[in-house]
J.: 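Okay, here's the structure, questions in a sec.
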2 protein chains.
Amino acid sequence: MTEPLAPGSVIGILGGGQLGRMLSVAAARLGYLCHIYDPAQSPPAGHVAAHCVTAAWDDADALARFAAGVDVITFEFENVPARTLDLLSETRPIRPDRRALAVSQDRVQEKEFLRGLGLTTAPFRAVDGLEDLAAATQALGAPAILKTRRLGYDGKGQVRLEQGADLDAIWAEISGAPAILEGFVSFSHEVSVIAARGLTGQVAVYDPGENLHQSGILRETRVPARLSATQRSDAVLLAARILNDLEYVGVMGVELFVTPDGLVVNEIAPRVHNSGHWTQNGCAVDQFEQHIRAVTGLPLGDGGRHADVVMENLIGDDLARLPDLLRERDVAVHLYGKPDARPGRKMGHVNRILR
Amino acid sequence: MTEPLAPGSVIGILGGGQLGRMLSVAAARLGYLCHIYDPAQSPPAGHVAAHCVTAAWDDADALARFAAGVDVITFEFENVPARTLDLLSETRPIRPDRRALAVSQDRVQEKEFLRGLGLTTAPFRAVDGLEDLAAATQALGAPAILKTRRLGYDGKGQVRLEQGADLDAIWAEISGAPAILEGFVSFSHEVSVIAARGLTGQVAVYDPGENLHQSGILRETRVPARLSATQRSDAVLLAARILNDLEYVGVMGVELFVTPDGLVVNEIAPRVHNSGHWTQNGCAVDQFEQHIRAVTGLPLGDGGRHADVVMENLIGDDLARLPDLLRERDVAVHLYGKPDARPGRKMGHVNRILR
């Protein structure tokens with residue numbers, strides 16, 4: 001049994017975007033201090049953290065100083081370079097650990113891992129060249145989606161492949177990077193499960209939320225999701241199976257397709273997740289605090305929910321709607337403090353509390 | 001009409017205690033940056049603010065630099081020295097303004113102001129010497145409470161005066177500071193109203209909370225309070241009258257005694273208030289965000305409440321109960337990041353959401 005970190009301890013967070021920002025606030029609420037590490041100047045999390053380091057992911061000196069100044073390290077995004085983790089893990093524990101990251105950094109490994117647990121995923125083939133692509137297209141049929149194995153998010157690094165598509169052109173579009181072709185899954189809607197596992201093995205799962213995407217970006221999550229009682233318990237149990245198998249510590253987002261034949265795992269994210277932002281206004285313990293509790297060894301909240309909530313992302317110039325949103329009843333506004341509202345950029349979100 | 005401060009603007013907060021800390025987090029949620037000014041090193045608000053200045057209240061250079069770096073100034077406590085405000089107000093607007101502070105910094109002025117509005121207060125006499133004290137005791141009878149006119153909080157600077165008390169000893173106990181003797185009010189319970197007024201005159205009031213004190217310190221606030229419909233609307237209306245008369249901008253806490261003859265105003269605090277902490281888990285817009293909305297010129301939230309809540313302060317070694325509190329269902333923990341749990345010191349609070 002590890003003792004929980006005492007209040008006043010320091011949590012190091014890799015990445016200073018909006019997820020790091022909301023993790024910092026949650027950590028402060030539990031009496032912890034946060035140090036942020038990010039290559040960018042004045043990242044969103046830096047506004048609400050005790051300390052913020054601006055340095056590159058391969059700056060060994062800066063990483064060593066950062067590690068020496070914190071008690072535990074976590075991250076807000078899954079694409080932390082392996083070499084960065086190697087350097088940091090010599091000095092301090094990193095939670096969640098390398099295995100969870102390795103599995104989720106590579107779409108082929110991820111699907112193989114999930115299938116190994118007996119879970120259903122989309123049919124897939126690894127694609128390392130144009131010949132693989134032709135064979136995979138033959139095997140899986142169309143439509144299908146070609147994705148880079150690594151570093152994709154918010155619909156980036158993805159191409160939809162229709163019947164009779166020009167494979168050369170498509171292969172060029174993803175720059176010939178190692179890829180995966182995923183076969184078509186006919187689903188009615190997508191839900192996601194935000195689950196947490198603590199240092200002592202305790203698992204807690206929030207009520208699944210239903211996701212609506214637009215142009216590959218999450219637009220909205222609503223709880224409760226449209227799920228039968230059986231689907232709901234399936235969703236919760238399969239999330240727990242994933243976390244337990246990985247001996248995971250922290251919060252994970254698990255995206256699921258709802259199909260007539262059951263739930264299909266779309267992908268997992270080894271971190272707090274956009275589709276869990278509703279917990280800020282629907283639960284006593286939100287996903288950010290839950291993650292901090294997990295990585296510091298505190299007991300988890302039970303995931304209980306006291307309100308129905310619809311979370312809506314504010315993307316790009318959605319910010320122009322702010323004056324109206326601030327006037328709307330039972331709407332909680334969460335902005336990320338980003339200076340420029342570029343198209344497709346997540347600028348904030350609102351949680352509508354239904355009553 | 002003043003335009004609201006744009007996201008990215010900087011709010012200066014005088015005082016870096018727990019109220020400043022929770023104001024900082026709320027301001028960040030609206031996309032603002034906070035600069036804290038506090039004479040103490042590493043105050044609680046400094047952990048979650050973009051910038052924190054450590055300097056004395058009479059350090060004119062530090063005050064000038066601070067004012068130059070912010071767009072608007074507010075405060076977390078009513079005892080900011082007048083000279084500090086003089087220096088700052090040359091450069092930047094201070095909200096709420098001097099009149100609200102002047103009225104609430106002096107218990108005699110405060111009561112005279114409230115009576116001037118036609119509101120009921122405890123009977124009182126100004127006491128500037130031993131002779132005044134004897135006369136006031138004669139006039140008001142016993143029991144009564146002798147309080148310093150200025151700088152009292154959490155039961156400090158107060159002495160209860162019983163029938164036949166030794167007036168010399170009591171006068172010595174408050175060190176002969178200018179004082180007020182307050183006559184006895186027979187009340188069943190105390191409630192407080194957290195009210196806000198925006199830059200454009202909009203007023204919004206939260207549902208009154210019922211307060212329980214122990215040893216002069218707030219122990220617990222519960223919403224809804226035990227109030228009849230008439231009392232509830234009286235409470236809301238009298239709070240609005242106070243804010244409107246002062247042309248107040250920001251959140252104010254108004255403490256009321258509930259008596260068979262109606263509501264008696266105990267005191268007002270020109271700032272966010274401990275008895276409003278429940279709003280963090282009962283409302284989409286909590287009192288801290290409401291204050292930030294007011295002082296930045298944003299529209300106010302309507303004060304709507306979606307849950308019943310009991311707020312309990314964690315005082316001194318209450319912190320030892322933390323492991324149990326973290327396990328309790330529907331309990332939101334808010335710690336202040338203070339290093340040492342001295343007796344009587346507010347270390348945090350919990351909000352229990354009732355469902």
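Not measured: the values here are computed from a predicted model.
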J.: Only pairs of heavy atoms separated by less than 4.5 Å count here; which of B:Pro323, B:Ala332, B:Ala27 has the most with chain A?
T.: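 So the answer, after comparing B:Pro323, B:Ala332, B:Ala27, is B:Ala332.
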
J.: Apply side chain to side chain donor-acceptor pair (under 3.5 Å) to residues A:Asn281 and A:His334 and explain how you reach the verdict.
T.: CA-CA 11 Å; A:Asn281 296 93; A:His334 300 261; 3.0 Å; yes

J.: Could you give the distance from CE (A:Met252) to NE2 (A:His291), rounded to the nearest 0.5 Å?
T.: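 Separation between the atoms: 11.0 Å.
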
J.: Non-hydrogen atoms of chain B under 4.5 Å away: do they reach the side chain of A:Pro44, the backbone, both or neither?
T.: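 For A:Pro44, neither part sits under 4.5 Å from chain B.
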
J.: Checking side-chain polar atoms at under 3.5 Å, does B:His349 have a donor or acceptor matched by the opposite partner on B:Gln18?
T.: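 Per modelled atom types, B:His349 and B:Gln18 side chains form no pair under 3.5 Å.
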
J.: Grab the two heavy atoms, one from A:Gly209 and one from A:Ala225, that are nearest each other, plus how far apart they are.
T.: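 Smallest interatomic distance, heavy atoms only, reads C-CB, 3.8 Å.
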
J.: Counting only heavy atoms closer than 4.5 Å, note whether A:Leu298 contacts chain B via side chain, backbone, both or neither.
T.: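 Contact with chain B is through the side chain of A:Leu298 alone.
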
J.: Kindly compute the distance separating CG (A:Leu335) from CG (A:Leu314), expressed to the nearest 0.5 Å.
T.: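 Going from CG on A:Leu335 over to CG on A:Leu314, the span is 7.0 Å.
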
J.: At a heavy-atom distance under 4.5 Å, which candidate from B:Gln280, B:Lys338, B:Arg29 has the highest pair count against chain A?
T.: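 Winner by heavy-atom pair count: B:Arg29.
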
J.: Check whether A:Val25 gets within reach of chain B through its side chain, its backbone, both or neither, counting any heavy atom under 4.5 Å.
T.: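 Answer is side chain: those atoms of A:Val25 sit under 4.5 Å from chain B.
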
J.: Please flag which part of A:Ala28 lies under 4.5 Å from any non-hydrogen atom of chain B: side chain, backbone, both or neither.
T.: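 When you check distances to chain B, atoms from both the backbone and side chain of A:Ala28 fall under 4.5 Å.
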
J.: Report the relative orientation of the aromatic rings in B:Tyr336 and B:His277; use parallel for angles under 30°, tilted for 30 to 60°, perpendicular for over 60°.
T.: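 Judged by the thresholds at 30° and 60°, the geometry between B:Tyr336 and B:His277 is perpendicular.
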
J.: Nearest 0.5 angstrom please: A:Phe77 CZ to A:Asp38 CG, how far?
T.: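 Here the rounded value is 7.5 Å.
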
J.: Specify which of B:Arg21, B:Glu328, B:Glu289, B:His306 makes the most heavy-atom pairs with chain A at under 4.5 Å.
T.: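 Ranked by contacts with chain A, first place is B:His306.
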
J.: Working to the nearest 0.5 Å, report the span between CD1 of B:Ile315 and CE of B:Met347.
T.: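 If I round to the nearest 0.5 Å, the distance is 11.0 Å.
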
J.: Check each atom of A:Leu300 against the heavy atoms of chain B and say whether the ones under 4.5 Å are side chain, backbone, both or neither.
T.: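 Backbone only.
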
J.: Go through B:Leu322, B:Val333, B:Asp286 and name the one with the most non-hydrogen pairs under 4.5 angstrom from chain A.
T.: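 Maximum pair count with chain A is reached by B:Val333.
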
J.: Determine the option with the most heavy-atom pairs under 4.5 angstrom with chain A, choosing from B:Val285, B:Leu30, B:Leu319, B:Asp330.
T.: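 Option with the greatest count: B:Leu30.
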
J.: For the pair A:Asp207 and A:Arg232, find out whether any cationic side-chain nitrogen is under 4.0 Å from an anionic carboxylate oxygen.
T.: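 Yes, A:Asp207 and A:Arg232 are salt-bridged.
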
J.: Who among A:Gly304, A:Gly46, A:Gly31, A:Gly301 has the most heavy-atom pairs with chain B under 4.5 Å?
T.: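 Result: the option with the highest number of such pairs is A:Gly31.
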
J.: Just so I understand: if I count every heavy-atom pair under 4.5 Å between each of A:Cys283, A:Gly8, A:Gly337, A:Ala49 and chain B, which residue has the most?
T.: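 Most heavy-atom pairs under 4.5 Å with chain B: A:Ala49.
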
J.: Of all of B:Pro7, B:Pro299, B:Ala50, which one pairs up most often with chain A through heavy atoms under 4.5 Å apart?
T.: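 Looking at each of B:Pro7, B:Pro299, B:Ala50 in turn, B:Pro299 comes out on top.
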
J.: Given 3.5 Å as the limit, does a donor-acceptor pair link the side chain of A:Arg92 with the main chain of A:Val70, or not?
T.: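 Pair found, side chain donor or acceptor close to backbone of A:Val70.
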
J.: Is A:Leu326 in contact with chain B via its backbone, its side chain, both, or neither, using a 4.5 Å heavy-atom distance?
T.: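 Contact with chain B is through both the backbone and side chain of A:Leu326.
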
J.: Heavy-atom cut-off 4.5 Å, strictly under: side chain, backbone, both or neither for A:Arg352 against chain B?
T.: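 Contact with chain B involves no heavy atom of A:Arg352 at all.
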
